[in-house]
2 protein chains.
Amino acid sequence: MSRKKAQVELLQELEDAMRRSSAQGVLYGQTVANVAGIANSDLECMDILYLEGRVTAGRLAEVTGLTTGAITGVVDRLEKAGLVRRERDEKDRRKVFIAVVPDAAMKIGQFYVPMQQAMEKVFGGYSDEELRLLLRFANEGYKGVLAATEALKGLLDTPPEKRPALKLKTRPRQP
Amino acid sequence: MSRKKAQVELLQELEDAMRRSSAQGVLYGQTVANVAGIANSDLECMDILYLEGRVTAGRLAEVTGLTTGAITGVVDRLEKAGLVRRERDEKDRRKVFIAVVPDAAMKIGQFYVPMQQAMEKVFGGYSDEELRLLLRFANEGYKGVLAATEALKGLLDTPPEKRPALKLKTRPRQP
DNA sequence: GATATATATCTTAGTCACTAAGAGATTTAG
DNA sequence: CTAAATCTCTTAGTGACTAAGATATATATC
């Protein structure tokens with residue numbers, strides 16, 4: 001045992017707190033989709049487009065885990081709503097780039113204002129050095145979650161009986 | 001202007017990094033649901049049950065934003081899968097408590113092991129004091145997101161033309 | 001250069017989770 | 001004791017999703 005009891009508890013608290021805030025983050029997203037009047041996956045794709053810029057339909061399918069057929073539907077709806085445009089790649093005419101229509105970023109962005117304000121308020125309680133620590137953690141956390149997602153996807157290709165037994169460290173929770 | 005340019009950039013980076021990792025967190029959840037062979041909302045409810053303990057069907061509807069009818073379906077599926085049990089409240093026989101079946105926590109929990117391992121690895125790079133800072137941030141962040149969600153929900157009840165104009169601070173992103 | 005294979009998106013048919021509206025059961029208020 | 005309120009479930013209908021395959025374009029092989 002290299003960890004003291006207090007630290008194990010700290011880590012458990014941390015895990016729960018992150019899980020809780022992440023769950024609430026999901027709910028915020030659902031609410032945005034509701035208010036904006038678009039489907040959840042549609043908003044998810046808008047978010048990817050915001051973060052990655054112009055991407056192909058296939059990449060959207062890859063990142064969201066949806067089938068290409070489903071993405072066709074997503075893009076159809078977003079295009080009809082005037083939020084994105086299809087742009088055929090002139091180099092490879094099989095590809096279709098999806099690009100956010102300039103004004104659309106703001107139409108959707110406004111619904112993130114309450115979140116930004118709340119976060120600004122929270123960030124206000126931290127020094128620059130502490131904020132840099134949070135940034136470092138956010139970046140490392142992203143990489144960790146990405147890796148974990150890949151690891152978990154790997155299980156999908158493995159038949160259940162051949163899966164390496166996962167040692168479970170969570171204890172059942174008392175309500 | 002009370003903030004220096006460097007800090008504004010830091011905050012923007014932080015916002016993007018959090019958005020990115022939170023988006024990846026959503027994807028992790030979707031993958032868990034896939035691997036576990038249950039619907040997304042079903043898993044979301046399992047998560048709420050894990051965090052809140054035994055809750056009523058109505059509370060699940062409230063927290064998830066689904067209708068009570070949808071929750072009936074969720075609970076039906078989870079019950080059939082042997083993950084939860086319906087328990088009528090003896091004090092108020094209209095209410096139905098949903099409780100996680102003891103072993104079920106582990107059945108689902110195993111799919112969070114890759115995530116826990118990834119996070120343990122990340123946490124390993126921080127001192128106890130830094131971890132406490134992260135915990136403080138996670139808790140404050142949760143409260144912030146919760147408040148933001150409520151604020152946004154408020155907009156739903158306000159007719160679009162009567163909504164207080166949200167001042168947009170995001171700048172459109174260059175892809 | 002012609003043919004075969006690969007890649008990227010779209011189409012179609014069918015499935016399943018969701019909403020809206022209201023029914024049924026129980027509790028609380030007058 | 002009746003009326004209103006609360007909580008869950010039921011029903012009918014809608015819409016986003018998958019699987020499979022069609023279409024169009026690109027790349028590889030001979």
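Computed from a predicted structure; not experimentally measured. Chain letters run A, B, ... following the sequence lines, proteins first, then strands; residues in each count from 1.
Rounding to the nearest 0.5 angstrom, the gap separating the CG atom in A:L49 from the CG atom in A:L43 is 11.0 Å. From B:S127, atom OG reaches atom CG of B:L133 across 9.0 Å, with rounding to the nearest 0.5 Å. Atom CZ of B:R20 and atom CD of B:E13 lie 10.0 Å apart (nearest 0.5 Å).
When the C1' atom of D:dC17 is taken as reference, atom CG of A:L60 falls 16 Å away, rounded to whole Å. The NZ atom of A:K95 sits 18 Å away from the P atom of C:dA6 (whole-angstrom rounding). The nearest whole Å value for the distance from the CZ atom in B:R86 to the C1' atom in D:dC9 is 9 Å. Rounded to an integer number of Å, the gap from A:D76 CG to D:dA16 C1' is 12 Å.
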Please report, to 0.1 Å, the donor-acceptor pairs under 3.5 Å made by any side chain of residues 65-72 of chain A, with sequence neighbours excluded.
from: A:T67; atom 1: OG1; to: A:A70; atom 2: N; distance (Å): 3.2
from: A:T72; atom 1: OG1; to: A:T68; atom 2: O; distance (Å): 3.2

Each nucleotide of nucleotides 12-30 of chain C classed B (base within 4.0 Å of a protein heavy atom), S (only sugar-phosphate) or -, in 5' to 3' order, makes -----SSB------BS---

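Side chains of A:D128 and B:Q7: a donor on one and an acceptor on the other come within 3.5 Å. Donor-acceptor pairing under 3.5 Å is lacking for the side chains of A:N34 and A:Q30.
Counting any heavy atom pair closer than 4.0 Å across all strands shown, A:R59 reaches no nucleic acid atom.
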